[in-house]
2 protein chains.
Amino acid sequence: MTGQVRTVDGRVAGRRGQATRQKLLDCLSEMLSSSPYRDVKVIDVARKAGTSPATFYQYFPDVEGAVLEIAEQMATEGGQLTELLAGRSWVGKAGWTTAQELVDGFLEFWRRNDAILRVVDLGAAEGDKRFYKIRMKILNSVNNSLTDSIAELQSKGRVDKDVNPAAVAGSLVAMLAAVAAHQKGFQTWGVKQAELKPNLALLVHLGVTGKKPTK
Amino acid sequence: MTGQVRTVDGRVAGRRGQATRQKLLDCLSEMLSSSPYRDVKVIDVARKAGTSPATFYQYFPDVEGAVLEIAEQMATEGGQLTELLAGRSWVGKAGWTTAQELVDGFLEFWRRNDAILRVVDLGAAEGDKRFYKIRMKILNSVNNSLTDSIAELQSKGRVDKDVNPAAVAGSLVAMLAAVAAHQKGFQTWGVKQAELKPNLALLVHLGVTGKKPTK
DNA sequence: ACTTGTCCTGTCATGCCGTCAGCTTACCGA
DNA sequence: TCGGTAAGCTGACGGCATGACAGGACAAGT
C-alpha cells in the first residue's frame, strides 16, 4: 500500500539506504528533544548521524520534510489511543475508570512524543495543512469516540440537548493535549503530576456526562 | 521604574532610535503572522522595515530576543484579562454570564495575538524559562482568579473537597488557550465558532462549580 | 575481475548571520 | 554660528548553512 521509500531524486532506496534514512530520522528526533526547533540545522543532524549534509538532502527536501516523516510515523502509532475508549462505559464507577484511563493514556502518549508534538502543534497553528492533518489524525482517534459517547448519552436524554457533542469533545481533547504539553507549568502553580491526573479526569467526566463521577 | 531602552552595545536610545526599534518590532510581528516562525530571517525583517540588518542587531541580540520583547508587551496588555473575572459571581444566572464573558474575552485576546502566542507557546513547551514566564504572566491573570473562585466555593462546601482548585483552574485555562490556538481545527469537526463558545462556557462553568449552569 | 545500480561525499555557488569601523545626523552649550 | 559629542545607520567582511551536482565507493550478481 505505502509506496516504496524513495530518494528526493526518485531512486528507490535499498536496504542500506533505508537504514541511513532511518538513522537520520532518529538523530533528528533526538535533536528536537534537546534543542529549539528553530535551531535544528541539517548539518547538525548529519554530523550526529555520522554522515554528510548532502546525504540528508538525498532523502528529505529539508528539515521540515523530515519532521513530517517522523510525525507521520507517530500519528500511526497514535491510532492506538482509540483503544482507550473503545467499548468503554461512561456510567457509574466504570465511567470514572474510563475517564482516568483516558487521561493516563493520553498524557503518557504525549510525554513519549513531546518533542515532535510541539512542532506538529506549531505547524498546525501556523496553518500548515500537512501538520494540521497529522494533528487531526491523532486527535480524531480520541475525539470521534468521545463525540459518539456524548451523542449517545444525549440521545438517551442523559445530556442536555443544547450540548454540541463535537464541540465539547474537541475542547476536552484540546485540554488534554495542552495540559500534556505544559505539564511543567503546573508545578509552578503548585500542582503535582499525581494531583493533576484525577482533576483532569474529573473535568473529562463532567464534560462528557455533565455529572460528577461516582468513585 | 522600567530602565531606559538601550541598544545592545549599551547606548541609550533616543526618540529616533526608539522609533526604528518599534518599527522593527512591528515588522517582525507582521512577518510572524504571515510566515512560519522557523523561516523568519533578520534580513527580511530589516528589509521590510526599510533598514539594514546591522540596525536590527543594534537593538536586539537575535530574532528570539525581539520576539521576547513583543511578547512582553503583549503580556502586559494581557493583564486586562483579570478584569474578566474580578468581582464576578459564579452563582445562578450570573455564573453563566461570567463563564460566557470569560470565554469570549479569552478567545478574542488570543485571536488578536495569535501569531506571537504561538511562538510563546512553543518556547514555553521547549522549556525556555523566558517564554515560560511570559506565558505564566498571561495565564496567571486568569488562573489566579479562577483558583480563588473555586477555593472559595470549596470552603462553602459547594465544591467537593478532593478537588484541587489550582489543578482544575490550570486545566481550564489550558483548554481555553488550546482551543483558541486551534480554532480552525474545530471547523473540520463541523463545529462553528458561534457553537463553540457556549459549549466552552459550559465546560468552564462545570469545571468551576461542578454544576450545570442555570441559563 | 567486471558490470550495474545503489549509496555517499567533496565541492561549489549562493545567501544569511553577526560584527566592526566609519560615516551621517541630531542635539546642546558656548 | 559653531564645534563637540553622542546617537543612529550602514557597507563590508569572515564565517557558516544551504542545496545542487558530479564523481567516486561499495555491494551483488555474473
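Because the structure is predicted, anything quoted here is derived from the model rather than measured. Chain letters run A, B, ... following the sequence lines, proteins first and then strands; every chain starts at 1.
Comparing dC8(C), dG19(D), dT19(C) by their nearest atom to the side chain of Arg16(A) picks out dC8(C). Checked against dG19(D), dA17(D), dC7(C), the side chain of Gln58(A) finds its nearest nucleotide in dC7(C). Which of dG8(D), dA17(D), dT10(D) sits closest to the side chain of Ser52(B) comes down to dT10(D).
Screening Asn199(B), Leu200(B), Leu176(B) for a side-chain contact (heavy atoms from CB on, under 4.5 Å) with Ser171(A), the sole residue that qualifies is Leu200(B).
Of the two residues contacting DNA chain C, namely Phe56(A) and Val40(B), the nearest-nucleotide position lying further toward the 5' end is that of Phe56(A). For the pair Pro53(A) and Arg38(A), nearest-nucleotide mapping onto DNA chain C gives the more 5' position to Pro53(A). In this structure, Val12(B) and Val63(A) both approach DNA chain D, and ranking their closest nucleotides by distance from the 5' end singles out Val12(B). Between Asp44(A) and Ala54(B), the residue whose closest nucleotide on DNA chain D is further toward the 5' end is Ala54(B).
For dC8(C), the OP1/OP2 oxygens have a side-chain nitrogen or oxygen of Thr20(A) closer than 4.0 Å. Taking 4.0 angstrom as the limit, Tyr57(B) places a side-chain polar atom (N or O) nearer than this to OP1 or OP2 of dG18(C). Taking 4.0 angstrom as the limit, Thr7(A) places none of its side-chain polar atoms (N or O) nearer than this to OP1 or OP2 of dT6(C). Here Tyr59(B) reaches the OP1 or OP2 of dC9(D): one of its side-chain N or O atoms lies under 4.0 Å away. One finds a side-chain N or O of Thr55(B) lying less than 4.0 angstrom from the OP1 or OP2 phosphate oxygen of dT10(D).
In this entry the distance linking CZ of Arg47(A) with C1' of dT18(D) reads 13 Å, nearest Å. Following rounding to the nearest Å, Arg11(B) (CZ) and dC27(C) (P) show an atom-to-atom distance of 15 Å. If you take CD1 of Ile43(A) and C1' of dC16(C), they are 14 Å apart, rounded to a whole angstrom. One can place NZ of Lys41(A) at 13 Å from C1' of dG15(C), the figure rounded to the nearest angstrom. Atom CZ in Arg21(A) sits roughly 16 Å away from atom C1' in dT6(C) (whole-Å rounding). Distance CZ (Phe60(A)) to P (dT18(D)): 15 Å, rounded to an integer number of Å. Atom CE of Met31(B) and atom C1' of dC16(C) are 14 Å apart (whole Å).
Electrostatic pairing of Glu64(B) and Arg38(A) does not count as a salt bridge here, judged by no charged N lying under 4.0 Å from a carboxylate O. Salt bridge annotation for Lys23(A)-Asp26(A): absent, with no cationic side-chain nitrogen under 4.0 angstrom from a carboxylate oxygen. For the pair Arg111(A) and Asp114(A), the salt-bridge criterion is not met [side-chain N within less than 4.0 Å of a carboxylate O].
The aromatic rings of Phe60(A) and Phe56(A) are tilted relative to each other, their planes meeting at an angle between 30° and 60°.
Among the atoms of the strands shown, only primed sugar atoms or phosphate atoms (P, OP1, OP2) are found under 4.0 Å from some heavy atom of Arg15(A).
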